[in-house]
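A quick write-up on the structure given underneath.
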Number of protein chains: 2
Amino acid sequence: MEPPAPPRRVTIVDVARHAQVSTTAVSKVLRNAYGASPEMRAKVRRAIEELGYRPLAAARGLRGQTYTIGVMLPDIRNPFFPEILDGVTGCLEATDYQVLLGPGCNGEKEEARVTEAMIDRGMDGLILVAPVSPRPHLEHVAAVVPTVVVGRHGHSPAYDSVGDDDVTGAALVVGHLAGLGHRRIAHIEHHETDPTRSVEMPNAQRADGYRRAMRDLGLDQEIDVVSTTYTQQGGYEGARELLSRARRPTAVFAGADIVAMGVLEAVAEAGLSVPGDISVAGYDNTTFAALGPISLTSVDQAGSEIGRNAARLLLERIANRGKPSVQVSLSPTLVTRRTTAAPPT
Amino acid sequence: MEPPAPPRRVTIVDVARHAQVSTTAVSKVLRNAYGASPEMRAKVRRAIEELGYRPLAAARGLRGQTYTIGVMLPDIRNPFFPEILDGVTGCLEATDYQVLLGPGCNGEKEEARVTEAMIDRGMDGLILVAPVSPRPHLEHVAAVVPTVVVGRHGHSPAYDSVGDDDVTGAALVVGHLAGLGHRRIAHIEHHETDPTRSVEMPNAQRADGYRRAMRDLGLDQEIDVVSTTYTQQGGYEGARELLSRARRPTAVFAGADIVAMGVLEAVAEAGLSVPGDISVAGYDNTTFAALGPISLTSVDQAGSEIGRNAARLLLERIANRGKPSVQVSLSPTLVTRRTTAAPPT
DNA sequence: GTGAAAGCGCTAACAA
DNA sequence: TTGTTAGCGCTTTCAC
C-alpha cells in the first residue's frame with residue numbers, strides 16, 4: 001500500500017535553504033529581476049535544478065503574474081482555428097508564458113462564462129478568437145486584462161485586433177470565377193440576427209465584399225445571395241435553393257468551407273458534376289478543403305500569421321498596458337483546386 | 001484619457017463588510033460548507049450579487065481547490081477529440097468546475113510541458129486523452145493530482161482509464177466487409193516505434209483486432225497489413241502500395257478516418273471507383289466521414305460517452321483520492337455509409 | 001547587492 | 001452557528 005498522500009511540493013523556501021540564500025533572492029532569479037549577482041544566480045539555479053523546483057503559478061499570480069495566456073476559440077470543430085493556435089503557441093513557446101484554451105463555446109453566455117473563468121484564474125492576457133459578444137462586453141474584459149480580439153472587424157481603443165480582410169478575400173473568389181468566364185456567381189451567406197453586431201462579423205464582410213466585387217465587374221444584375229447559416233446543413237439548403245432557380249448559377253461562392261461541403265453534397269444529389277456543371281469555392285482553406293477527394297478552391301486566411309500577430313500584440317500590451325491600440329489586417333490569398341473551372345459552354 | 005489602472009477587484013473582505021459578517025462566513029457560503037444559517041447564506045448571497053463578486057481561483061487554490069479541470073488533447077485537428085470534450089464539459093457544466101484545455105501537443109516533450117503547466121497552475125484534476133508519454137510519467141502525474149487517462153489500454157492502480165474496445169471495433173469492420181462478400185481485406189496501421197508503449201496504444205489494438213478477426217473468419221491467408229502512419233499522407237502511401245499488389249485487395253480497412261482520406265485519394269488517382277472497385281472503411285467516425293461528398297463507413301467510438309465517463313470518474317477521484325482505480329471500456333459501433341459495398345464480381 | 005517582513009485573497013483550524 | 005487567526009507560496013517594498 002503506497003501512501004496516497006501526494007508528496008509535498010518543493011517550495012521557494014526549500015530552494016532558498018538549499019542554496020543558503022533568502023527567498024527574495026530566489027524570486028529575483030526566477031523572474032530575471034534586477035538585483036542578484038551572477039554567483040548568486042548560479043547558486044540558485046543549481047539549487048532549483050537539484051531540487052526539481054517549479055514555481056506554483058497560482059501563488060505567483062496572487063502578487064504578480066501567472067504566466068498564463070488564455071485563448072478562447074468559438075468552436076474547436078472548425079479546422080481553421082488550430083492554425084491560429086499554432087501561430088500563438090509558436091510565438092509564445094520561447095517565452096515563460098503558457099497557453100491554455102477555453103472549451104469551445106457557441107453562444108454569448110458560454111463565451112462570457114469562459115472569459116470570466118479566465119479572468120478569475122488570474123490569466124495575464126486573453127486572445128479572443130471571433131467572439132460573438134457585444135462590443136461593450138469585450139471592452140469590459142479588456143479593461144480588466146490585456147486583450148487581443150481576432151477575426152472581428154471594428155476597432156476599439158480598449159483592445160488590439162487582428163484579422164484578415166474579408167472584403168478582399170471575397171473579391172479574390174469572385175475575380176477568380178469571373179476570370180474563368182462565370183457571370184452567374186451566387187453567394188451563400190451566414191444570416192446575422194443581431195444588427196448591431198452585424199458589421200463587425202466576418203460573414204457580413206464577406207457578403208459585402210461579394211456584392212462590391214460583382215458590381216465592380218459590372219455584374220450587378222447577377223448578384224444572388226442566399227441567407228442560411230455557416231453550417232453544412234446551411235450549405236445544403238442554400239444550394240438546393242440556388243439549383244432550383246430558373247437561371248441556375250454556374251458558380252457558387254460559399255462563405256465558409258463547411259458551407260461548401262453542403263453545397264457539394266446537394267450538387268451531387270442533383271446529379272450535377274463539379275466543376276463540369278457548376279463551380280464551387282469556399283473560405284478558410286480548412287483541412288477539409290485540402291482533402292484529396294474534396295480538393296476545394298478556397299480562401300486562405302494565413303491563420304498562423306494571424307495567431308503570431310495576436311500573440312505578439314498581447315505581449316506588447318502586457319508589457320505596456322497604456323499603449324494605444326493597434327489593428328492588424330492581413331491579406332488573404334486564394335488557393336485554387338479542382339472544384340472551380342470554366343462554366344459549361 | 002481614461003485611467004489605465006484596472007479597477008480593483010472586489011474581494012471576500014468587501015463582501016464580508018457589505019454583508020456585515022466575517023470572511024469565514026462568506027467563504028462557507030461560497031463552498032456550500034457546513035456551518036452557516038439560512039439567513040446568513042441569504043445575506044451573503046445578496047451581498048455577492050450586489051457587489052458582483054467572483055472568487056479568485058488562484059487565491060482559492062493556495063489553500064483549497066482551484067475548481068479547474070485540465071484536459072489534454074494530443075491534437076486539436078483530429079475531429080474526434082471535440083466529441084470527448086463535449087462529454088466532459090456536458091458532465092461538468094452543472095458543477096462549479098471549469099474546464100481548460102492544453103494546446104495540442106504532439107510529442108512526449110510537449111505533453112510533459114502541458115501536464116506540468118497544469119499541475120503548476122493548481123488544477124484539481126487532469127484528463128489526459130490518448131497520451132503518448134511512457135507509463136511511469138503518467139503514474140507520476142497521477143500521484144500528484146487526480147488523473148483519468150482516456151484512450152489508452154493498459155490499466156494502472158494510479159489512475160482511472162476510459163476507452164473503447166479497439167479489438168471489437170476492428171472486428172466490426174472486418175465482419176461488415178466479409179459479410180458483403182470481401183475476402184481480400186487489407187489493413188493500414190500506424191507503425192509504433194516504441195515497443196514498450198506499443199501494446200497500450202489504440203492503433204496496435206486495432207491492427208491486432210484486424211488480425212484476430214481475419215483468423216476467426218478463416219481468412220488467415222488474406223491477412224495483409226501495411227505499416228505507415230495515421231495521417232492522410234500515410235493513407236495515400238499505404239494505398240499506393242496495396243493497389244500495386246499482384247492480387248489487389250477488394251477492401252481496405254484504414255486504422256483512422258484521416259488515413260481513409262488518403263486512401264480515397266490514391267484510389268481516385270488510380271482511376272478506380274469507390275465502392276465499385278474497392279471498398280474503404282475508417283475508424284473514429286469523424287466529421288470528415290459524415291461529410292456528404294465523402295460518406296465514409298467508419299467505427300464510432302461514442303466520444304461524448306467516453307468524455308462523460310472520464311469526467312464522472314475524475315469527480316469521484318477528486319472526492320476520494322484513495323479509491324481503487326476503475327477501467328471503463330465502451331463498445332464501439334459501426335456506421336455504414338457509401339464507401340463500402342459488395343466486391344466487384 | 002542582499003534579506004527581513006508584509007501581504008496578495010482565500011480557506012482551515014480553532015476559539016468563542 | 002459564528003468570528004478570530006494563522007497560514008498557503010510567492011512577490012514586493014524597504015531597510016541594511
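As the structure is a prediction and not an experimental result, all values here were calculated from the model. Chain naming here is simple, since letters A, B, ... match the order of the sequence lines and numbering starts at 1 in each.
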Interface polar pairs with nucleotides 10-12 of chain C, N/O, under 3.5 angstrom:
unit_1, atom_1, unit_2, atom_2, d
C:dC10, OP1, B:Tyr53, OH, 2.4
C:dC10, OP1, B:Leu56, N, 3.1
C:dC10, OP2, B:Ile12, N, 2.4
C:dT11, OP1, B:Arg60, NE, 2.8
C:dT11, OP1, B:Arg60, NH2, 3.2
C:dT11, OP2, B:Ser27, OG, 2.8
C:dA12, OP2, B:Arg31, NH1, 2.5
C:dA12, O4', B:Arg63, NH2, 3.3
C:dA12, N6, B:Thr24, OG1, 3.1

_Let's go through B:Ser325 and B:Gln327 carefully: what are the C-alpha distance in whole Å and the side-chain angles of both, what is the deciding distance for side chain to side chain donor-acceptor pair (under 3.5 Å) to 0.1 Å, and is it a yes or a no?_
CA-CA 7 Å; B:Ser325 77; B:Gln327 295 82 38; 3.3 Å; yes
*When you measure from the side chain of A:Leu62, which nucleotide among C:dG1, C:dC8, C:dG3 comes out closest?*
C:dC8
*Should B:Ser22 be listed as having a side-chain N or O under 4.0 Å from OP1 or OP2 of D:dT4?*
no
*Return the value, rounded to whole Å, for the distance between atom CZ of B:Arg17 and atom C1' of C:dG9.*
13 Å
_Does B:Ala33 reach a base, just sugar-phosphate, or nothing at all? Heavy atoms under 4.0 Å._
nothing
*Check the side chains of A:Ser37 and A:Arg41 for a donor-acceptor pair under 3.5 angstrom, ignoring hydrogens and angles.*
no
*A:Lys43 NZ to C:dG1 P: how many Å, rounded?*
15 Å
*Using a strict cut-off of less than 4.0 Å between a Lys/Arg side-chain nitrogen and an Asp/Glu carboxylate oxygen, indicate whether A:Glu39 and A:Lys43 qualify as a salt bridge.*
no
*OG/B:Ser133 to NZ/B:Lys109 distance, rounded to the nearest 0.5 angstrom?*
13.0 Å
*Would A:Arg121 and A:Thr68 count as a side chain to side chain donor-acceptor pair (under 3.5 Å) if you check the C-alpha gap in whole Å, the side-chain angles of each, and the deciding distance to 0.1 Å?*
CA-CA 9 Å; A:Arg121 274 143 192 88; A:Thr68 312; over 6 Å; no
*Rounding to a whole Å, what distance do you find between A:Leu51:CG and D:dG9:P?*
14 Å
*asked:* Pairing donors with acceptors under 3.5 angstrom, does anything connect the side chains of A:Gln98 and B:Arg113?
replied: yes
*asked:* Under 4.0 Å, counting only non-hydrogen atoms across every strand here, what does B:Ala36 touch: a base, just sugar-phosphate, or nothing?
replied: sugar-phosphate
